[in-house]
Amino acid sequence: MSAPRRSNFLTDLIDADLAAGRVVKVVTRFPPEPNGYLHIGHAKSICLNFGLSRDYRGDCHLRLDDTNPVTEDVDYVDSIQHDVHWLGFEWSGPTRFASDYFETMYACAEQLIRDGKAYIDDQNVEEIRAGRGDFTRPGVASPRRDRPAAESMELFRQMRAGKFADGTLVLRARIDMAHPNVIMRDPLLYRIRHAHHHRTENQWCIYPMYDYAHPLEDAVEGITHSICTLEFESNRELYDWVLDNTLNPQTNAQWSPRPHQYEFARLALGFTLMSKRKLLQLVQEGLVSGWDDPRMPTIAGLRRRGVTPEALREFADLIGVAKNNSFVDVAKLEYCIRQDLEQRAPRALAVLKPLKVELTNWPADKVESLELPWWPGEPERGGTRNVPISRQLLIEQEDFAEVPPADWKRLAPGWTVRLYGAGLLRCDAVVRDSSGEIALLKCSYDATTAPAAGTIHWVSATHGVPSPVRLYDRLFRSEQPEAQGDFREQLNPDSLVLCPDAVLEPALLQAAPGSHFQFVRLGYFLADPVDSKPGAAAFHRTIGLRDTWAKAGRAAHDGRPQRDRQPAKVQAKPAAPKKSRAEWRAEARAAQPELALCYQRILDAGVDLESADLLTADLPTAHFFLLAAAHALPPSVARWLLNDLLGALGDKPITELPIDGTTFGRFVALVDAGSVTGAAAKTLLAHLCQHGGDPAQLLETLGLARVEDAGALQTAVGEVLASLPAETARYRAGETKLFGVLLGAAMKKLRGAADAAAVRQALIDKLG
RNA sequence: UCGGGGAUCGUCUAAUGGCAGGACCGCAGACUCUGAAUCUGCUCAUCUAGGUUCGAAUCCUAGUCCCCGAACCA
């Protein structure tokens, strides 16, 4: 409707599902476990799932995945709902809970037992783990694997009835103990947990495992696209197994719509920790003040810090969604925060580390009131407040230098600067205290509007209100705090700096809790919603302004301290004895004499060594080739088979093709004979692979036969140039790379049926 | 070691055989009563090697590197 929707691999998938009619309404879900606070990584997932359902006019459910009562808590349920709302999303229907479906899951488990697809095991944890094998060795079957279904059923019912202690029995799927995917080696479905559940209380003492519960939760809710993070890729196979081997107990039919799991890369962000466990550790060890400490990457922390939902949503939009293992630069987040606050925060004056200034030419008792706009430069937004100015002022210590460095645009002895919103200030003398520190600047004031080299902020010392201000910065000093060693050693000692002497302009005291201000030249500040009291706002800094001056200084001193990424691990590879595909093929030929025979025949037919090797990976392919080679030039057949047919095939075996080797051979013969061009032949081949048919006949019906008529060719080229005036003009203006576009368009127009060289020549002639 | 994923500017992400685009970062300049914002410009990429094609980031082959998976966690 408005801005074009950002596309990613998931929208492509959904578009295809919708187009094919596999899905009529998109239903997604956000399924957090209520065992911790949501963080910015969850925000990415929330924006993805809710964003998809909004864009496709579908639904998005909020579902608490509460299948493990010992780690979960109702407090987390509340905070999660609050955070999702705060981010700006409404879920479809009520808040859902995995525990709502325990009865359904139980019924499905009985189905599996009845069908001999699940059994009760009585091995202990260690035995089960040992029996599972590892990446190198297959697992070994449990002695209880063939327990009769009736017996397992009886045991399972007794489990539910509470007859057994924790850890004594489990329900396992019976799949394959030698499965290459370790997850599929008879995974656990249910375990016994005599624990209090935050919703079902003591109703259950058996609880389903994630891999079993999640697909069923999705299926019960009619989720169409179940989106999770990359580390669940291996689990997808089990997800599918559960749905393929259970029926909906309500309908006794297969699950419909049948959900599918897709995985995307979770957020990794510089200078930030994303592990729930480590975040919990920070809270429990008192390294931060709580889940909502403004330095925490939790939604609660970001909110308290002064980051808005809009900024977070913009961030999610900016970083996109893909399957790459990505690591986002924290500067991107900071950019979003600043951009959002820039529009949102009225401007005010405050001094963090004051330096006294006396206006020697200002009468001692005189007080003026300056009416300054909240939105300088944007009069249409309106609104002003009065800022008092008197003989005694405060300026920022950092804005004065006795010996000004190059490019200094602030105050120095004898220099003049603009006081923001007021007149000019000239420094006449520096007064020191007994210890030699600068105590006071004697200055003269000039109410003129003449331009000055720089502008500094200030507050009247007699009217300004002392109010300590907290400055927050990145919690960690290294970009990847988890990279090596203890992350706690990477804490930034300056992540919280208190400015006890800060002084605010009087109007700021009335700020509503939760309101944002830009303190001119200092950054964006929030009236802390917790610590502020009526008429006594307490501020902290959300984020500083972009500071090219400070950055220049830093760069001059220590080069470019921007990145401290670990260099990519150079891995001492112990020469992997991994069997390559080439070796695998060689072994196949050694083991199968017939394949070796084919190999020799292919070689004898004049095909090069590499192709012959590739063609004899398996018998069906070799036979397919030999059949085809009887009807066309063997090297041509090899090339077309290897380069084009294999690509069209994907993972499917060659035997599933609707054409046989003979047909393929006759197809190649057409190309050999010059009856069809290479480009048109690809279209023809695609059609053959889809629907089968006779190559020569299809060539005619599809109108792909070689265009010999020079006139037709000229006409087509002329039409193409007329339809692409901009590109044509740019080419004529010298952008030769546009030739490919024009040629491509002409080829497309002729459906690839004309000789490329001829089209090229016709194009050159036409373009002059 | 077995299985599953992934490699495009420094970073994130587009381009679905036809102009390697956008954003952040960085750099330079303009403007400025915020060294901000804004505006302009610049630097910068298809993992490697072969092949197919008029044309390859995209298709084929071989290789290299990175990530995930062996909880009665999710």
Original post:
CD/A:Gln339 to CD/A:Glu314 distance, rounded to the nearest 0.5 angstrom?
Top reply: 6.0 Å
Mind checking [X] for me? I need base, sugar-phosphate or nothing, with any heavy atom below 4.0 Å counting as a touch.
X        : answer
A:Ala422 : base
A:Gln518 : base
A:Val759 : nothing
A:Arg730 : base
A:Trp375 : nothing
A:Arg585 : sugar-phosphate
A:Tyr420 : base

**OP:** Identify, with sequence neighbours excluded, every residue that meets side-chain hydrogen bond (donor to acceptor under 3.5 Å, both in side chains) alongside A:Gln261.
**Re:**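 Once residues adjacent in sequence are excluded, the partners of A:Gln261 under the side-chain hydrogen bond (donor to acceptor under 3.5 Å, both in side chains) criterion are A:Glu263.
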**OP:** List the protein contact pattern of nucleotides 68-74 of chain B with one symbol per nucleotide (5' to 3'): B for base contact, S for sugar-phosphate-only contact, - for none; contact means a heavy-atom distance under 4.0 Å.
**Re:** SBBSBSB
Original post:
In B/S/- notation, 5' to 3', how is nucleotides 47-56 of chain B contacted by protein heavy atoms closer than 4.0 Å?
Top reply: ----BSSB--
Would you give me the side-chain donor-acceptor pairs under 3.5 Å for residues 204-213 of chain A, sequence neighbours excluded?
from     : atom 1 : to       : atom 2 : distance (Å)
A:Tyr207 : OH     : A:Trp204 : O      : 3.2
A:Asp211 : OD1    : A:Asn235 : ND2    : 2.8
A:Asp211 : OD2    : A:Asn235 : ND2    : 3.4
A:Tyr212 : OH     : A:Met105 : O      : 2.6
A:Tyr212 : OH     : A:Ala109 : N      : 2.9

Original post:
Counting side-chain heavy atoms from CB outward, which of B:G35, B:A14, B:C24 is closest to A:Arg521?
Top reply: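 The nucleotide sitting nearest to the side chain is B:G35.
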Original post:
Which of these nucleotides, B:G5, B:C19, B:C24, is closest to any side-chain atom of A:Tyr335?
Top reply: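 So the nucleotide nearest the side chain must be B:C24.
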Original post:
A:Asp399 pairs by salt bridge (Lys or Arg N to Asp or Glu O under 4.0 Å) with which of A:Lys409, A:Arg418, A:Arg410?
Top reply: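 Exactly one candidate clears the test, A:Arg410.
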Original post:
On RNA chain B, nearest-nucleotide positions of A:Leu738 versus A:Asn324: which is more 5'?
Top reply: A:Asn324
Subject >> Residue whose nearest RNA chain B nucleotide is more 5′ - A:Ala582 or A:Ala265 >> reply: A:Ala265
Original post:
For A:Lys323 and A:Leu230, which heavy atoms make the closest approach, and how far apart are they?
Top reply: O-CD2, 3.4 Å
Original post:
If the P atom of B:A36 is compared with that of B:U48, how far apart are they to the nearest Å?
Top reply: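 Approximately 39 Å lies between the P atom of B:A36 and that of B:U48.
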Original post:
Listed by chain and number, what are the ring-ring contact (aromatic ring centres under 6.0 Å, His included) partners of A:Tyr335, not counting sequence neighbours?
Top reply: none
Subject >> Ranges pairing with ranges for RNA chain B, where each run has three or more Watson-Crick or G-U pairs under 3.5 Å >> reply: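 In RNA chain B, stems of three or more pairs: B:2-7 with B:64-69, B:10-13 with B:21-24, B:26-30 with B:38-42, B:47-51 with B:59-63.
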Original post:
So A:Tyr190 and A:Phe156, would you call those rings parallel, tilted or perpendicular, with 30° and 60° as cut-offs?
Top reply: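 It falls in the perpendicular class, over 60°.
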Original post:
Under 3.5 Å, is there a donor-acceptor pair between the A:Glu33 and A:Tyr76 side chains?
Top reply: no
